[in-house]
Novice: 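The following block contains the structure, expressed as structure tokens.
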Amino acid sequence: MSLASSRIRNFCIIAHIDHGKSTLADRLLEFTGTMSARELKEQVLDSMDLERERGITIKLHSVRLQYKAKDGEVYELNLIDTPGHVDFSYEVSRSLAACEGALLVVDAAQGIEAQTLANVYLALENDLEIIPVINKIDLPSADPEMVKREIEDVIGIDASEAILASAKNGIGVEEILEAIVHRIPPPQGDDEKPLKALIFDSKFDSYRGAIPYIRIFDGKVRRGTNIKMMSSGKIFEVTEVGIFTPGMTIVEELKAGQVGYLAGSIKNVQDTRVGDTITDADNPVAEPLPGYRKAVSMVFCGLYPVESSDYDKLKDALEKLQLNDASLVFENETSVALGMGFRCGFLGLLHMEIIQERLEREFALNIITTAPSVVYKVNKTNGEHVLVDNPALLPPLGQIESIEEPVVRASIMVPSEYIGTIMELNQEKRGTFLNMDYITPTRVNLHYELPLSEIVYDYFDQLKSRTKGYASLDYELKGYKEANLVKLDILVNGELVDALSFIVHREKAYQRARKLVEKLRGLIPRQMFEVPIQAVIGSKVIARENIRALRKDVLAKCYGGDITRKRKLLEKQKEGKKRMKQVGSVEIPQDAFMAVLKMDD
Amino acid sequence: MPSLYVHVPFCLKKCAYCAFYSIPLAGCREDWKGIYLQAVAEEAKLRSKEAQGGVSSLFLGGGTPTILEPLELDSLLSAIHKNFSFGSPQNTASPPEGSKAQQKEIEKTVEANPGTLTKEKLNVLVSYGINRISLGAQSFNDRMLVQIGRIHNKEDIRRSVWLIRQGGIHNLNLDLIFGLPGQTLTDWQDTLRRAVELEPEHLSLYALMLEEGTPLARKFSSNPLNVVEEGDPVLPDDDIQADMYEWAAGFLQQQGYRHYEISNFARAGFECRHNLTYWQSEEYLGLGPGAVSCLGGVRTKNTENLELYGKLLFAGREAFDPLETEVLTREQKISEYLMLALRTAKGVDLNAFTQKFKESIQDIYGLKLIKYIDKGVLIQDEGRLRVNPRYFFVLNSLLVDIICQ
């Protein structure tokens, strides 16, 4: 180990949403003088609005801190931030793999949550040194002793040296920095060995192309090095290497143990996939770092422009978002009802919502989103197997032998008084009970197998509302399971509205169909003629509502002085209608297409 | 030959639903009526050149024209008659059907409100050939009349009708409003029956419109859920209003009235010729503050500010509000033509349309028209295209779909 790398510490922060991760990170930046309070504020202002509003990290950040420890030495501390949501668990695992240690931040009043636990286990699997930090100790409801016991009982690590902190008020910050220096081991690695670097994130810069964020395990990289992406074999010449201070600062070279970025005119983020290993093309390593996999889309939905003339704008916007987000996939899709659009794949529901919101906010697009769907495996009677991510494309009933749906293993952590509630919910959601552990006498971790489609539907909202927000959820894809599934189609005025079709368990079909047609009756405005709305399975109608004909839509008075105003009124009315989609002779407003998603409002 | 409209912007008091330009006399400066009369006389003189071939009809609207004193009415009508000649109605584009007596006479209407008419005023009107009175009866339910801020009661209506008939007016219109707060179908039926008992030649039935800025709109539009204090009247919903409309149309037809425009019913030959000029997209000249003219494809509107109106005219200038002047494009003309013509039972004369716009209506709207003809909403026969009266009350939906491109 070189002297230099003995003074490097690579760490991340594991915390539940709201438990104070960002605030703590800010304090660390401030205490080490990396950024002043004023610069911090500006920095925060620069980050995505969405992240601030939701209090979560969507995109990973990384920063190098220079810390002069009490032993008089100056240490290089690399903080690698992690996203705090189940959709991004793979990204989290790669960030953890880039570190030797982790701060486990737990709210002194609330204790450990499911997501935190899942990430701690990931950290332990990666042999990270865990430093428990009990945050918000100055809250009146803080119970640090209880939280310590929880950490010891659930995670099985020694919490006696847990640091009591209040990031908000700067309590315990120095202690944390000292613990990072003394308890987290310096990175191992050899500068002289061939280059082996892990990509833990990447971003796209319009001048420098795709920029991988990397942790060097062995070797070094500098301007002029020919690098090879081990998953694809593609070779690029490095034009720049640098570190995060937190802005990008060019350095001569990056060596084993260090964290930074490189640029090399890489045109596409698809070539800088998280988890991939970068090596020296002229002196490659034989084996990549373990753990690489391509991002798998769990949830799909159709995205359509409200105005069909915005199709190209939408395509352009998706392409731009994809530059920074290799996990976003999309392809052309045409709907009879909605026209030309895209079928998009996402890591999960949050990821989907983020992309939708960014399209609307950053690209000022009006989009219609169809209900999210999971990917079904359809076994056809002719022996073929097909994957279906769009209910409208499900083969006809007669050709289906069976349908399999993705199932997840879910962990739900709740106060024990809600065990009954959770069991009831999971029963409704077709869950299979696996087991249950008591974390403390008053908190449990319930393990269930659940169909992913149920989670995508409204599981999370139900979970939160039925447990007053106390429950936390984590899940991972387990595999596929056969289920009695049917496709429900909606006919408006006798015409199939393909964008409203969805796949549902047969036992729930009737209830969901009733709710949906009722909801659609309320959302579709009355037209000149009565409009029937029918829910059908195959050719069998299982629910029906009628939208009564419109009876009054008239200008009672129209004389000389009224004409201009009345003409403009009609023009305005026409503008309002443009925001609706014409299906046959019926105008359907955008909200109607989302009704499938939110039927329990 | 344009028709002539003269706006009289004075009222005793403002009604709760009214969005027209009018000044309540209570809050009015003493000299304003004088300024108005002089200025209108100036405007009549100035703009008489725009109707050198004469005018086809006269309509004195308001406001409440009959709020003027007999001498004031005399001075107003005298100025009008000095500057405009009243052409022969045979020259108008489409003479209404009916008796010969009706055809010979130029239609001259004055709007009046019950309680403001006197024998003396009527004598003045008749002396200038006024032959039609449009009376703002609105309702025969006294409670509802108070609620919408009217100054009269149902007895005033009867007295006024008697005076009008005594004065020798043989063409009487009653304006009625339905869809009033708290009104039920039965209330409305009662009002209509009482109105018909008075044997008017013409009836205008208006569904209440909440016009922006009126007290009624403030009370109900800003209150979309229709939340009111217990016991307070609520607005009848669209379905009830449609029931009221349908019942009225059926009832009046039984009583021998023709449903010749969405909101208008008349005995044969008593269709309002002046208003038909609007619905047939003919030219019209408007005098007085806030009055609108449409001549040679240009629509202008006089300023609504009485003082400014006076100042401009006394300086020998026209009183147009520059922000309201509109040179109609071909598309706008076509849109308006249909918007207006389809309001009438006769609908659009297809040949006249082609002649006017050098393109047939089918060429412009093609498939959309066929769709509605197939569904029975539009009827094409005898060279005309008209709306099935069953769909009059949802005409906007049709217009929005077919005319606005």
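These numbers come from the heavy atoms of this one structure, side chains and all, not from hydrogens, waters or symmetry mates. Naming convention: chains lettered A, B, ... in sequence-line order (proteins, then strands); numbering from 1 in each chain.
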Novice: Would you mind reporting whether B:N396 and A:Q573 have side-chain heavy atoms less than 4.5 Å apart?
Specialist: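 The answer is yes; the side chains approach within 4.5 Å.
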
Novice: Measure distances from A:K572 to the heavy atoms of chain B and classify the residue's part below 4.5 Å as side chain, backbone, both or neither.
Specialist: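 When you check distances to chain B, no heavy atom of A:K572 falls under 4.5 Å.
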
Novice: Within the side chain of A:K552, is there an N or O that forms a donor-acceptor pair under 3.5 Å with the backbone of B:A242?
Specialist: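 Side chain of A:K552 to backbone of B:A242: no pair is present.
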
Novice: At what distance, to the nearest 0.5 angstrom, does CD of B:E336 lie from CD1 of A:I563?
Specialist: 6.0 Å

Novice: May I ask you to say whether A:R565 pairs ionically with B:E211, meaning some side-chain N is under 4.0 Å from a carboxylate O?
Specialist: yes

Novice: Which one, B:K301, B:Q332, B:K371, leads in non-hydrogen pairs under 4.5 Å with chain A?
Specialist: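 Max contact count across the listed options: B:Q332.
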
Novice: Using non-hydrogen atoms only, which part of A:K577 is less than 4.5 Å away from chain B: side chain, backbone, both, or neither?
Specialist: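 Contact with chain B involves the side chain of A:K577 alone.
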
Novice: Given salt bridge (Lys or Arg N to Asp or Glu O under 4.0 Å), test B:E331 with A:R567 step by step and report yes or no.
Specialist: CA-CA 11 Å; B:E331 282 68 37; A:R567 193 193 68 233; over 6 Å; no

Novice: Tell me, yes or no, whether the heavy-atom count around A:Y510 atom OH, taken from other residues, nucleotides or ligands under 6.0 Å, exceeds 12.
Specialist: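 No - once you tally the heavy atoms of other residues, nucleotides and ligands closer than 6.0 Å, there are 12 at most.
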
Novice: Output the distance between atom NZ (A:K566) and atom CG (B:L340), rounded to the nearest 0.5 Å.
Specialist: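 Between atom NZ of A:K566 and atom CG of B:L340 there are 11.5 Å.
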
Novice: Give the interface residues of residues 488-500 of chain A toward chain B, defined by a heavy-atom separation under 4.5 Å.
Specialist: none

Novice: Which distance, rounded to the nearest 0.5 Å, do you find between the CE of B:M339 and the CG of A:L555?
Specialist: 7.0 Å

Novice: Heavy-atom cut-off 4.5 Å, strictly under: side chain, backbone, both or neither for B:Y245 against chain A?
Specialist: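 Nothing of B:Y245, per the 4.5 Å heavy-atom cut-off to chain A.
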
Novice: Checking B:D243 against chain A: side chain, backbone, both or neither under 4.5 Å from a heavy atom?
Specialist: both

Novice: Is chain A contacted by the side chain of B:Y21, its backbone, both, or neither, given a heavy-atom distance below 4.5 Å?
Specialist: neither

Novice: Do any of residues 292-299 of chain B come closer than 4.5 Å to chain A, heavy atom to heavy atom, and if so which ones, in number order?
Specialist: B:V292, B:R299

Novice: Using side-chain heavy atoms (C-beta onward) and a distance below 4.5 Å, is A:F529 in contact with B:V377?
Specialist: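 Heavy-atom side-chain distance check passes, below 4.5 Å.
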
Novice: Regarding B:D239 and A:R548, does a basic nitrogen lie under 4.0 Å from an acidic carboxylate oxygen?
Specialist: yes

Novice: Out of B:G290, B:G286, B:A207, which one racks up the most heavy-atom pairs below 4.5 Å with chain A?
Specialist: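 Option with the top pair count is B:A207.
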
Novice: Can A:R551 and B:E246 be counted as an ion pair, charged N to O under 4.0 angstrom?
Specialist: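 Counted as a salt bridge, because a side-chain N and a carboxylate O are separated by less than 4.0 Å.
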
Novice: Tell me whether B:S263 contacts the main-chain N or O of A:A556 through its side chain, where contact means a donor paired with an acceptor under 3.5 Å.
Specialist: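 Such a contact is found between B:S263 side chain and A:A556 backbone.
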
Novice: Can you say whether the rings of A:Y559 and B:W279 are parallel (under 30°), tilted (30 to 60°) or perpendicular (over 60°)?
Specialist: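 Rings of A:Y559 and B:W279: tilted, as their planes differ by 30° to 60°.
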
Novice: Tell me, side chain or backbone of B:L398 under 4.5 Å from chain A's heavy atoms, or both, or neither?
Specialist: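 B:L398 touches chain A through backbone and side-chain heavy atoms alike.
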
Novice: Can you establish whether the number of heavy atoms outside B:R330 located under 6.0 Å from its atom CZ is more than 12?
Specialist: yes

Novice: Using non-hydrogen atoms and a 4.5 Å limit, figure out which bit of B:Y284 sits close to chain A: side chain, backbone, both or neither.
Specialist: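 B:Y284 touches chain A through side-chain heavy atoms alone.
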
Novice: Rounded to the nearest 0.5 Å, what separates atom NZ in A:K568 from atom CD in B:E326?
Specialist: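 With rounding to 0.5 Å, NZ (A:K568) is 5.0 Å from CD (B:E326).
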
Novice: Under 4.5 Å heavy-atom distance to chain A, tell me which part of B:F59 shows up: side chain, backbone, both or neither.
Specialist: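 When you check distances to chain A, no heavy atom of B:F59 falls under 4.5 Å.
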
Novice: Which one, A:M528, A:Q527, A:R526, A:K557, leads in non-hydrogen pairs under 4.5 Å with chain B?
Specialist: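 Highest number of pairs under 4.5 Å: A:K557.
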
Novice: Is there side-chain contact between B:R343 and A:C558, with at least one heavy-atom pair below 4.5 Å?
Specialist: yes

Novice: Can you tell me how far CD of A:E587 sits from CG of B:D401, rounded to the nearest 0.5 angstrom?
Specialist: 6.5 Å

